[in-house]
Amino acid sequence: MVISVGSDHAGYGLKVKMIPYLESLGHTIIDNGNNGAEDVVFFPEVARAVCRPVLEGTAERGIMFCGTGVGASVACNKIPGIRASIVHDYQCAHQCVEHDHVNVMCIGEKVVGEWLAKDLLKAFLEAAGDTDERTAHVIQLLAQMDQRQ
């Protein structure tokens, strides 16, 4: 799977640790920056860069690393066609994809340690969206909300 990733300065440390892990799972990474913990970059700018390949279809999913995941989630969800979720527990990591077809995971370096991040990333990337009637209806409603923005 091709994955678009990015971080602000607060998520940089976790991002650089997780890229080799993601590659070891066989994924191809598009790294949209940031280039260091001292390189202050505002998360809305990185969110736009991470989401662009997802919307264009050159990446299947996106992952934003920031301090808590909150700002990244807010910024990503401002972009029509993106469904982003903060993910700090295993249940949400797979269920957000299965039930809500989330395409961008937002994870906080200050909240999640390295070992848990690996479990969450793996669960998020292995999950597939449900195709039942109820989920399809929810996804249709979400798409309609994108059109109203």
Side-chain angles (χ1 to χ4, degrees), residues 1-131 135 138-139 142-143 145-147 149:
M1 181 182 301
V2 177
I3 305 164
S4 178
V5 303
S7 70
D8 65 3
H9 54 282
Y12 177 77
L14 189 58
K15 181 191 81 162
V16 297
K17 290 176 182 174
M18 292 303 107
I19 287 176
Y21 172 70
L22 294 168
E23 291 172 332
S24 77
L25 296 176
H27 299 294
T28 301
I29 304 303
I30 301 170
D31 187 352
N32 296 284
N34 161 340
N35 298 317
E38 303 303 318
D39 183 16
V40 177
V41 175
F42 298 103
F43 61 83
E45 297 165 339
V46 180
R48 189 175 289 121
V50 167
C51 293
R52 187 175 305 115
V54 175
L55 292 172
E56 293 171 350
T58 55
E60 294 169 70
R61 303 235 175 113
I63 301 169
M64 277 282 302
F65 298 91
C66 74
T68 64
V70 174
S73 176
V74 170
C76 291
N77 280 311
K78 295 285 185 184
I79 301 170
I82 294 298
R83 287 178 305 280
S85 179
I86 300 171
V87 175
H88 292 155
D89 66 81
Y90 185 80
Q91 177 69 25
C92 291
H94 64 86
Q95 187 170 327
C96 70
V97 176
E98 294 162 354
H99 296 295
D100 305 304
H101 293 202
V102 164
N103 52 13
V104 177
M105 173 181 173
C106 302
I107 188 167
E109 178 175 338
K110 295 178 181 179
V111 179
V112 174
E114 185 177 341
W115 64 268
L116 179 55
K118 289 179 179 179
D119 289 344
L120 300 178
L121 290 167
K122 191 170 190 302
F124 174 73
L125 296 171
E126 289 179 351
D130 289 341
T131 57
T135 301
V138 168
I139 301 308
L142 291 171
M145 291 175 79
D146 280 341
Q147 299 307 312
Q149 290 186 4

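Residue numbers run from 1 in the order of the sequence given. Nothing here was measured: the structure is a model prediction, and the numbers come from that model.
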**Request:** Could you walk me through whether E114 and M18 pass the side chain to side chain contact (heavy atoms under 4.5 Å, CB included) test, one step at a time?
**Result:** CA-CA 8 Å; E114 185 177 341; M18 292 303 107; 3.4 Å; yes
For [Y], does its backbone N or O pair with a side-chain atom of [X] as donor and acceptor, under 3.5 Å?
X: N103; Y: G81; result: yes
X: D119; Y: K122; result: no
X: K15; Y: N34; result: yes
X: H9; Y: C66; result: no

**Message:** Assess, by modelled atom type and distance only, whether the side chains of N32 and S4 contain a donor and an acceptor separated by less than 3.5 Å.
**Reply:**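 Checked: N32/S4 side chains pair up, N/O donor to acceptor below 3.5 Å.
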Pairwise distance [atom1]([X]) to [atom2]([Y]) - rounded to 0.5 angstrom:
X: I29; Y: M1; atom1: CD1; atom2: CE; result: 10.5 Å
X: I30; Y: R52; atom1: CD1; atom2: CZ; result: 11.0 Å
X: C106; Y: H88; atom1: SG; atom2: NE2; result: 8.5 Å
X: C92; Y: M105; atom1: SG; atom2: CE; result: 10.0 Å
X: H94; Y: F124; atom1: NE2; atom2: CZ; result: 13.0 Å
X: D31; Y: L22; atom1: CG; atom2: CG; result: 11.0 Å

Within a strict 4.5 Å, meaning less than it, do heavy atoms of the [X] and [Y] side chains meet?
X: V97; Y: R61; answer: yes
X: V2; Y: T58; answer: no
X: V112; Y: L120; answer: yes

**Message:** Tell me whether the count of non-hydrogen atoms from other residues, nucleotides or ligands lying under 6.0 Å of CZ in F42 goes above 12.
**Reply:**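 12 or below, so no.
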Heavy atoms only: give me the nearest [X]-[Y] pair and the separation to one decimal.
X: A72; Y: F43; value: N-CD1, 3.9 Å
X: A59; Y: I3; value: CB-C, 4.4 Å
X: P20; Y: V16; value: CD-O, 3.1 Å
X: L14; Y: A117; value: CD1-CB, 4.0 Å
X: I82; Y: V104; value: CG2-CG2, 3.8 Å
X: I139; Y: R83; value: CD1-NE, 4.5 Å

**Request:** Would you please test D100 and S85 for side chain to side chain contact (heavy atoms under 4.5 Å, CB included) and show each step?
**Result:** CA-CA 10 Å; D100 305 304; S85 179; over 6 Å; no
**Intermediate values then yes/no, side chain to side chain contact (heavy atoms under 4.5 Å, CB included), H27 and L125** = CA-CA 9 Å; H27 299 294; L125 296 171; 3.8 Å; yes
**Steps toward side chain to side chain contact (heavy atoms under 4.5 Å, CB included) verdict (M64, I107)** = CA-CA 6 Å; M64 277 282 302; I107 188 167; over 6 Å; no
